[in-house]
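When a ligand or atom number is given, it counts from 1 through the structure's own listing order.
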Amino acid sequence: MKRILVTGGAGFVGSHLCERLLNEGNDVICMDNYFTGQKKNILHLLDNPYFELVRHDVTTPFFVEVDEIFNLACPASPVHYQYNPIKTVKTSVMGAINMLGLAKRIKAKVLQASTSEVYGDPEVHPQVESYWGHVNPIGQRSCYDEGKRCAETLFMNYHQQNNVRIKIIRIFNTYGPRMHPADGRVVSNFIVQALQGQDITIYGNGMQTRSFQYVDDLIEGMIRLMNTGDDFTGPVNVGNPGEFTMIELAEKVIKLTGAKSKLIYKPLPSDDPMQRKPDITLAKKVLNWEPKVNLDEGLIRTIEYFKTIV
Ligand code: NAD
Ligand code: UDP
């Protein structure tokens, strides 16, 4: 039995990860400050004696003895990470330093939940890990993008300087049950709007693209990455290469919910990337991983979940 720390474990992705790790017979410590996470997400795990919940902020040091650390603590939705941008930078950077310091002391393996946002508004399409990105360092998204980029730097530095065993996963847009209904991300917004009979808000002309990955596929990729040999650090892209415009996504949501919603157009937020699609050649080769759930199937499962909460 491994003892595993999941920071941000009460969030959308973290709750699925805790559940999967417990199902595989591990002892799981879930640490969260509940900024965007909710106890509701992990209520069903609380009866398990191998699950421990700790209220803690990752920007302050944390002392625990574990074999592995998954560092997910950080708001992920633009609305939330822009709410207090200084705190977002602190969470990424000081959180990384604290988790890396912990990993160094206890000789644990540590995985960083990085993001496709490190590529910014990309000029290389699809995005490969060797692409350095196109990020505005002083824009609205920079607290998140640059925070996550600096965290990657710290992970590499701790690996090279202190031999810490690290893994960096670059996660592309992920959706599924337990996304917060007021989270502001596009999949949850469109589904909630459709189920409530409201119009669907398209930002800009709706021709920008994203690649949407169902959460179960991501969790599989994360666990496979953690289990790779110590010589493989990543970064590795994990995402679904299917690429859709926001109008295509809205049309799918309308069709699958049977809603009568119309599309309404709102201004495009600044620095909103025009296109995004992962090159997953490396994940296929090293992790023997590729996504299994297509967008229609994943949306159906997600819509079923949202029907129970909105
Ligand atoms: P989320 O907002 O649902 O989860 C983040 C969790 O971290 C929440 O439970 C929140 O309360 C917690 N948290 C935030 N600041 C904290 C702090 N200072 N101390 C302790 N806990 C803190 O978001 P998510 O979608 O589950 O994302 C999880 C991770 O995956 C994040 O690091 C995010 O950057 C990364 N990621 C997610 C996506 C995606 O599409 N979901 C894409 C790329 C990267
Ligand atoms: N978006 C939209 N309507 C919404 C919410 C988002 O058209 O109600 C757009 C947003 O401008 C972006 C895309 O959907 O182009 C994905 O946004 P999200 O916040 O989900 O993720 P990110 O931009 O971080 O990839």
Take E243 and R276 through the test salt bridge (Lys or Arg N to Asp or Glu O under 4.0 Å) and record every step on the way to the result.
CA-CA 7 Å; E243 186 183 6; R276 181 179 292 155; over 6 Å; no
Which heavy atom of K252 sits nearest to which heavy atom of F244, and what is that distance?
CE-CE2, 3.6 Å
What are the two closest heavy atoms between V253 and A194, and how far apart are they?
CG1-CB, 3.8 Å
With a 3.5 Å distance limit and no angle check, can you tell me whether [X] reaches the backbone of [Y] through a side-chain donor-acceptor pair?
X: Q193; Y: T201; result: yes
X: N41; Y: A10; result: yes
X: T36; Y: Y34; result: no
X: T7; Y: L72; result: yes
X: R3; Y: N26; result: no

Contact partition for [X] relative to ligand 2, non-hydrogen atoms under 4.0 Å:
X: Q208; value: side chain
X: K266; value: neither
X: R141; value: side chain

Give the atom numbers and elements of ligand 2 that come within less than 4.0 Å of a heavy atom of [X].
X: F190; value: 3 (N), 4 (C), 8 (O)
X: E117; value: 24 (O)
X: I202; value: 7 (O)
X: N189; value: 4 (C), 5 (C), 8 (O)

Proximity flag Q193 to ligand 2, non-hydrogen atoms under 4.0 Å:
no
What I want to check is whether the side chains of T174 and Q213 have a donor and an acceptor closer together than 3.5 Å.
yes
Which heavy atom of the protein is the closest neighbour of [atom], given with residue, atom name and distance?
atom: atom 5 (C) of ligand 2; value: Y203 CE1, 3.3 Å
atom: atom 11 (O) of ligand 2; value: D272 OD2, 2.7 Å
atom: atom 17 (O) of ligand 2; value: V186 CB, 4.0 Å
atom: atom 21 (O) of ligand 2; value: N173 ND2, 3.4 Å
atom: atom 13 (C) of ligand 2; value: M246 SD, 3.7 Å
atom: atom 3 (N) of ligand 2; value: T201 O, 2.6 Å

Sort out the contact shell of ligand 1: every protein residue with a heavy-atom distance below 4.0 Å, listed by chain and number.
G8, A10, G11, F12, V13, D32, N33, Y34, F35, T36, G37, H56, D57, V58, L72, A73, C74, P75, A76, K87, T91, A113, S114, T115, Y144, K148, I171, N173, T174, R185
Applying ring-ring contact (aromatic ring centres under 6.0 Å, His included) to Y144 and not counting sequence neighbours gives Y81
ring-ring contact (aromatic ring centres under 6.0 Å, His included) partners of H125, counting only residues at least two apart:
none
Does K2 have any salt bridge (Lys or Arg N to Asp or Glu O under 4.0 Å) partners at least two apart in sequence or in another chain, and if so, which?
E68
For Y214 and Y175, run ring pair (Phe, Tyr, Trp, His ring centres under 6.0 Å): C-alpha distance rounded to whole Å, both residues' side-chain angles, the deciding distance at 0.1 Å, then the answer.
CA-CA 5 Å; Y214 189 67; Y175 68 97; 5.7 Å; yes
Backbone or side-chain N or O of P78 under 3.5 Å from ligand 2 N or O:
no
Going by distance only, is there an N or O of R185 that falls short of 3.5 Å from an N or O of ligand 2?
no
Angle between ring planes, Y119 versus Y131, binned at 30° and 60°: parallel, tilted or perpendicular?
parallel
Given R210, M179, Q275, which has its nearest heavy atom closest to atom 16 (C) of ligand 2?
R210
